[in-house]
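Here is the naming used below: chain letters follow the sequence lines, and residue numbers restart at 1 for every chain. Only this structure's heavy atoms are used, side chains among them; waters, hydrogens and symmetry mates stay out.
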Amino acid sequence: MNMETQAFQTVYTKITNITKATVLLKATGVGYEEMALVHGRLAQVVKIYGNDVTLQVFSGTEGIPTNAEVVFLNHPPQLKVSDQLAGRFFNAFGDPIDGGPEVEGEIRNIGSPSVNPVRRMQPSELIATGIAGIDLNNSLVTGQKIPFFADPDQPYNQVMANVALRAQADKIILGGMGMSNDDYLFFKNVFSNAGALDRIVSFVNTTDNPPVERLLVPDMALTAAEYFAVDKKQKVLVLLTDMTLFADALSIVSNRMDQIPSKDSMPGSLYSDLARIYEKAVQFPDGGSITIIAVTTLSGGDITHAIPDNTGYITEGQLFLRRDSDIGKVIVDPFRSLSRLKQLVIGKQTRADHPQVMNAAIRLYADAANAKTKMENGFDLTDYDERTLVFAKSYSEKLLAIDVNIDVLEMLDTSWQLLCANFTKAEVGIKQEFLDKHWIEN
Amino acid sequence: MERKIKTTGKVVGIIANLVIVDVDGPVAQNEIGFIHHPEADLMAEVIKVMGKHAYVQVFESTRGLMVGTDVVFENHMLEVTLGPGILSRNYDGLQNDLDKMEGVFLQRGNYTDPLNRDKKWAFTPLAKVGSQVIAGDWLGEVPENGMPHRIMVPFKLEGSYTIKSLVAKGSYVVDDTIAVIVDANGKELDITMVQKWPVKMPIRVYKEKPRPFKLLETGVRCIDTLNPIMVGGTGFIPGPFGTGKTVLQHAISKQAEADIVIIAACGERANEVVEIFKEFPELEDPRTGRKLMERTVIIANTSNMPVAAREASVYTAMTIGEYYRSMGLRVLLMADSTSRWAQALREMSNRLEELPGPDAFPMDLSAIVSNFYARAGFVYLNNGETASITFIGTVSPAGGNLKEPVTESTRKAARCFYGLSQARADSKRYPAIDAIDSYSKYLEYPEVQEYFNEHISKTWLDKVIVAKDLLLRGKEAMEQINILGDDGVPIEFHERFWKGELIDFVILQQDAFDKIDCSTPLVRQEYLLKSVLDVADTSFEFKGFEDVSTFFKNVINQFKQLNYSEYESDQFNGYVKAIDELVQAQKK
Ligand SMILES: Nc1ncnc2c1ncn2[C@@H]1O[C@H](COP(=O)(O)OP(=O)(O)O)[C@@H](O)[C@H]1O
Ligand SMILES: [Mg+2]
């Protein structure tokens with residue numbers, strides 16, 4: 001963050017009101033969303049009424065006296081962008097935290113305007129992750145935005161790191177919000193062990209930092225992403241973890257500003273606030289792209305909570321992680337997971353039978369879930385029920401588990417093997433032309 | 001709003017996109033003003049006045065705005081510009097032509113002309129010099145992408161006028177005077193092909209608005225067959241995220257019998273609009289041989305575009321719809337999603353610190369939604385021609401809960417309810433419309449029943465009721481089987497369950513991404529319903545409940561293959577035969 005103050009700037013020393021997150025003072029010539037330094041801490045203008053200016057202090061107002069020095073910086077939050085960003089770790093303000101030098105480069109305002117929808121290209125390039133729960137059932141495409149929905153005890157950061165490293169992106173930008181120090185070090189290690197550090201840029205707000213600072217992380221990460229995707233025409237993958245903690249910070253601020261909360265004490269603007277971030281995912285006309293993979297942690301698997309709910313309405317699907325007790329592994333749940341862009345690539349960039357095989361297998365997996373309920377309720381199972389259960393177990397193990405790493409053709413062939421081993425053609429109900437081509441008689 | 005000099009003012013307060021302006025003269029509620037931010041003029045709308053303070057919602061980001069900035073009010077409300085050249089355009093929520101904007105990113109304060117002022121149009125007069133006309137009467141027409149675009153007496157004019165002169169057949173630009181009309185006092189008015197209209201006011205230049213009675217064919221089986229919507233009707237599609245609202249709306253827009261398609265992408269994903277940009281120019285309209293895009297208008301205010309303009313976008317879309325309806329055309333209007341519009345209202349109402357209603361939505365939400373839906377409809381124009389706006393909106397209920405305020409308000413306003421079910425979407429039973437909970441109020445209209453008797457067949461509605469019954473009985477049977485176990489119920493329960501499944505798999509489920517299955521013409525739907533009911537009517541001989549499922553799965557499989565085949569092709573007939581053989585073999 002550019003914190004240079006200029007000689008002719010007015011220094012104010014008379015704060016009239018202080019709340020947990022904001023200070024209020026009389027000042028003139030102040031622009032909306034302008035940055036300021038309050039007692040040496042970064043703050044941003046959130047309300048102006050006449051000469052009364054309300055500033056949100058990112059790190060909180062603890063210990064700020066009424067005669068603290070306030071200096072306005074005449075610009076919105078900014079980031080210096082250049083190739084020097086690569087391989088570096090920054091805090092939420094864009095200041096290095098890796099002991100390296102300041103980045104030299106062009107100053108950009110963060111939170112830039114939206115892409116004109118008529119200038120967008122349709123996302124069309126498949127991202128192969130090796131994970132069948134993703135590539136087979138919920139294929140990802142460059143320019144897509146998609147979160148993992150996971151309970152806090154699930155290995156979402158590991159899965160995300162795997163996806164990132166296999167995705168063949170030119171740059172990976174990590175936006176960490178409320179990240180534990182251990183997770184921060186985990187990402188650092190995984191990336192450096194993979195020899196990928198020079199492709200990574202990280203903006204991290206750890207649990208040690210004040211929560212409100214997190215609000216800047218996505219915009220910082222996306223400003224860097226836009227630099228690489230637009231100026232350098234690169235394929236950029238942005239990882240945002242954990243967006244639930246980002247939204248929590250939004251609610252802290254709005255509560256402190258006395259806004260009327262809507263559902264789950266979230267601000268009424270939650271949808272727009274999240275959409276502004278996720279919609280930065282885009283396929284640009286001249287090759288660059290921004291793909292966003294995020295994490296939204298759930299509490300007790302509840303996806304009706306305002307944060308996952310609003311997220312689901314914004315993103316292009318969601319990847320739902322769940323522990324499957326039958327195989328003792330975490331799987332990508334085929335029911336609640338969805339990639340809305342998969343139809344742009346499946347059966348087109350992958351084999352033609354892909355959509356039908358995928359749907360048939362999931363339908364039969366659903367039948368297995370019904371059979372299981374039946375069994376739990378103490379009823380006899382039919383022969384068909386038994387077969388669905390056998391199928392479901394192998395399907396979980398060989399395809400849905402997150403430790404699977406195979407290519408899409410192998411995923412399709414494995415699916416056919418499992419279908420043919422357990423069912424009749426009529427039960428599978430796939431288009432005749434594909435049955436003719438891929439059915440394996442037992 | 002007749003004012004000689006423009007009212008001006010100065011910014012005194014800024015909270016996000018709500019700006020308070022100290023004004024030096026009269027201002028009107030909903031009047032448009034421009035804030036002269038040093039970087040760009042920012043458009044804003046008055047939403048509340050308190051003494052000398054006008055509260056305006058800014059349609060752009062207010063970043064960098066300072067108190068003391070000048071504001072100029074424009075003497076008019078938010079208006080759209082109406083004239084030839086709207087079709088196939090991509091507008092933002094304020095009707096700026098997105099294609100005319102430079103650069104990849106949207107720059108604030110970049111307002112572009114919705115029309116092309118240089119293009120020449122082939123004008124043919126329709127009226128006669130000397131005749132009396134009123135607002136909305138047709139003076140002439142120009143062909144616009146194959147549609148007759150009527151040039152009308154401006155809607156804003158009151159009373160009756162005499163046509164003094166009318167230009168001859170020929171080619172003109174939109175701003176050319178094509179007629180001169182004279183009012184009762186002898187005052188002359190030049191008429192061009194362009195007029196403006198404030199979006200929040202309905203255009204009412206028609207004689208009569210009867211109840212809708214004609215079927216609108218959408219090609220979607222579980223709509224047309226089970227819960228049909230009428231030409232000029234209203235419907236809504238609520239559903240949790242990912243259950244298929246957008247896919248269903250796009251399918252309807254592609255297939256429904258309409259002259260003009262208007263899509264308001266209201267606070268949803270930009271990539272979904274890109275999908276339309278990409279697909280519609282390629283889709284051919286079988287009736288005209290022209291591309292679907294040529295008769296489509298897109299209003300894109302995606303979720304990352306300014307929130308205040310989101311509210312405007314649905315009104316912009318409706319007003320353009322009303323404009324084309326006044327020309328005697330059948331308009332299909334889609335808004336995805338009306339919940340985002342309601343949320344935009346909520347954000348503003350919260351900033352204004354108004355007393356909140358349920359879930360912090362504004363108290364008058366229900367009235368706002370009803371007024372909007374009421375603008376759709378089937379009409380008889382003053383010249384006797386018929387025209388319509390069919391409106392279908394999606395609703396995105398928070399947490400998938402259909403008891404939330406937007407769903408409840410919309411239920412009161414719309415006549416068709418297409419509820420999408422999470423369970424059906426999870427098991428990939430697309431389109432995930434819950435056929436049992438959904439309804440079409442139109443089926444209760446005697447004029448609609450009569451229409452069906454006459455245009456489809458006298459037995460059609462009876463068959464539809466039988467099909468719905470079978471679905472319901474199938475569901476009940478399933479519940480019994482789940483409670484009592486497979487062999488705890490008589491075999492008939494299994495038959496009943498599987499007959500419900502037969503209708504579900506063959507009629508309800510439809511693959512939106514298959515070339516053939518995506519759209520089923522009404523004749524084919526008639527055929528399908530009859531064939532399926534014939535199977536359901538047959539008495540079968542089953543040894544055990546497992547035989548029941550094996551038999552029906554086989555039949556369903558053959559029907560599915562049939563749905564993927566070209567109607568009445570050899571392949572199709574092959575499946576018809578296969579089904580018949582299966583049925584004969586199992587018959588009592
Ligand atoms: N009729 C359908 N046939 C096949 N797949 C469908 C159908 N409807 C929806 N889907 C699947 O569900 C996904 C979500 O649908 P969408 O309409 O975007 O949901 P919503 O608008 O309700 O959030 C689609 O991307 C597609 O994969
Ligand atoms: Mg949608």
key: Criterion side chain to side chain contact (heavy atoms under 4.5 Å, CB included) on A:Y49 and B:I20, from CA distance to verdict   = CA-CA 8 Å; A:Y49 190 78; B:I20 306 164; 3.4 Å; yes
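- For the residue pair B:N271 / A:E316, a side-chain donor-acceptor distance below 3.5 Å is found, with atom types taken as modelled.
- No side-chain N or O of A:S272 forms a donor-acceptor pair with one of B:R340 less than 3.5 Å apart.
- Here the closest non-hydrogen pair linking B:R269 and A:Y313 is NH2-O, 2.9 Å.
- The minimum heavy-atom distance linking B:G242 with A:L338 is given by the pair CA-CD2, 3.7 Å.
- Each of B:M101, B:Q107, B:E102 was scored for a side-chain contact (heavy atoms from CB on, under 4.5 Å) with A:N116, with one residue passing: B:M101.
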request  = Show your reasoning for whether side chain to side chain contact (heavy atoms under 4.5 Å, CB included) applies to A:E279 and B:M305.
outcome  = CA-CA 10 Å; A:E279 280 291 330; B:M305 288 159 84; over 6 Å; no
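- For the pair B:L98 and A:R119, the tightest heavy-atom approach, listed with the atom from each and the gap, is O-NH2, 4.0 Å.
- Seen from the ring of A:Y384, B:K553 counts as a face-on cation partner, given the 6.0 Å and 45° thresholds.
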request  = Take B:E272 and A:R340 through the test side chain to side chain contact (heavy atoms under 4.5 Å, CB included) and record every step on the way to the result.
outcome  = CA-CA 10 Å; B:E272 291 173 347; A:R340 291 162 186 267; 4.2 Å; yes
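- Residue contact with chain B, scored on non-hydrogen atoms closer than 4.5 Å, involves the backbone and the side chain of A:Y32 alike.
- Using a 4.5 Å heavy-atom cutoff, the side chains of B:L65 and A:E34 are not in contact.
- Your options are A:A275, A:G31, A:S114, and the one with the most heavy-atom pairs under 4.5 Å with chain B is A:S114.
- Contact record, A:F379 with B:N482: CE1-O, 3.0 Å, taken as the closest heavy-atom pair.
- Between chain B and the residues A:T382, A:D380, A:D385, the largest count of heavy-atom pairs under 4.5 Å involves A:T382.
- The closest side-chain heavy-atom distance from A:Q432 to B:Y575 is below 4.5 Å.
- B:N401 places none of its side-chain heavy atoms less than 4.5 Å from the side chain of A:T304.
- Between A:S337 and B:K428, the closest heavy-atom pair is O-NZ, 4.3 Å.
- Judged by distance alone, with hydrogens and angles left aside, the side-chain atoms of A:D309 form a donor-acceptor pair with the main-chain N or O of B:G399 at under 3.5 Å.
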